[in-house]
Amino acid sequence: MGLDIHIKGLSREDTYHGSYIRFANYRIKVAKAFNKAIGEIYEKPYKHYGYKFTEEDEKQWNEFLLDENAPMNKFLWHSDCDGKFTPKECKEIYNELKNLDVEETFYDEETTMHELWLKMFKYCYKHRVNMWFY
């Protein structure tokens, strides 16, 4: 089992198909690249099973991402097993991600996870198609 991304017009080779854990690890790296404190907070539930965010965690998070509709919130908290991103959301998220220096993790021999996700988000907003999570 894992996450499969489907985008009308892109082949299977050009979209993400991998484990939930691999995707979670990528999102942790994105969060850390966005802001170190945010990344450390975001990582806690992955390190400690059953972890509940503290008031201090929430206070720090809200210093940077108070708006629940902020593109980074949408990306980090989106379900990893179902749902979609609209072309508008894809553009917003792409604009947040494109300038981040995310720690490299290769998706395949030629492409990093970050490159793959940037390509997918850009394709969706440029071609006005949804990104579907399965």
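Closest non-hydrogen pair, Ile38 versus Gln60, comes out as CD1-O, 4.4 Å. Between Tyr46 and Ile28, the shortest heavy-atom contact is CD1-CD1, 3.7 Å. Contact record, Pro45 with Phe53: CG-CZ, 3.5 Å, taken as the closest heavy-atom pair. Contact record, Phe106 with Arg22: O-NH2, 2.8 Å, taken as the closest heavy-atom pair.
Residue Glu68 holds its CD atom at 9.5 Å from CG of Leu66, rounded to the nearest 0.5 Å. Note that SG of Cys90 and CG of Leu118 are 11.5 Å apart. Values are rounded to the nearest 0.5 Å. Here the straight-line distance linking atom CE of Met120 with atom CG of Asp14 works out to 10.0 Å at 0.5 Å rounding. Between the CG atom in Leu3 and the CG atom in Asp80 there is a gap of 6.5 Å [rounded to 0.5 Å].
Around CD of Glu56, the count of heavy atoms belonging to other residues, nucleotides or ligands within 6.0 Å exceeds 12. Open room surrounds NZ on Lys8; 12 or fewer heavy atoms of other groups in view lie less than 6.0 Å from it.
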### Task
Take Tyr94 and Trp117 through the side chain to side chain contact (heavy atoms under 4.5 Å, CB included) test and state the conclusion after the steps.
CA-CA 8 Å; Tyr94 173 82; Trp117 282 92; over 6 Å; no
### side chain to side chain contact (heavy atoms under 4.5 Å, CB included) between Tyr42 and Asn35, worked out
CA-CA 10 Å; Tyr42 185 77; Asn35 177 280; over 6 Å; no
### Residues Glu40, Lys36; criterion side chain to side chain contact (heavy atoms under 4.5 Å, CB included); working and verdict
CA-CA 6 Å; Glu40 289 172 1; Lys36 187 176 179 181; 3.1 Å; yes
Distance-only check: which donor-acceptor pairs under 3.5 Å involve side-chain atoms of residues 69-77, not counting sequence neighbours?
unit_1	atom_1	unit_2	atom_2	d
Asn73	OD1	Trp61	NE1	3.0
Asn73	ND2	Leu65	O	3.1
Asn73	ND2	Asp67	O	2.8
Lys74	NZ	Glu92	OE1	3.1

Per-pair distances, 0.1 Å, donor-acceptor, side chain in residues 123-134, under 3.5 Å, sequence neighbours excluded:
unit_1	atom_1	unit_2	atom_2	d
Tyr123	OH	Gly9	O	3.4
His127	ND1	Tyr123	O	3.0

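When side chains are defined from C-beta on, Thr105 does not count as touching Thr112, because their heavy atoms never get closer than 4.5 Å. When side chains are defined from C-beta on, Glu43 counts as touching Lys32, because their heavy atoms get closer than 4.5 Å. Annotation: side chain of Glu96 is not in contact with side chain of Val30 (no heavy-atom distance under 4.5 Å).
With hydrogens and angles ignored, the 3.5 Å screen pairs a side-chain donor or acceptor of Asn95 with a backbone N or O of Lys91. Listed for the His78 side chain is no donor-acceptor partner under 3.5 Å among the backbone atoms of Gly83. Using modelled atom types, one side-chain atom of Thr15 and one backbone atom of Ile5 make a donor-acceptor pair closer than 3.5 Å.
Under the 3.5 Å distance criterion, with hydrogens and angles disregarded, a donor-acceptor pair is assigned to the side chains of Ser11 and Glu13.
Every pair passing salt bridge (Lys or Arg N to Asp or Glu O under 4.0 Å) that includes a residue from residues 97-125 is listed here, sequence neighbours excluded: Lys29-Glu103.
The six-membered or imidazole ring of Tyr107 lies away from that of Tyr26, with a centre-to-centre distance of 6.0 Å or more.
A continuous path of ILVMFWY side-chain contacts below 4.5 Å connects Val102 to Phe64, so both sit in one hydrophobic cluster.
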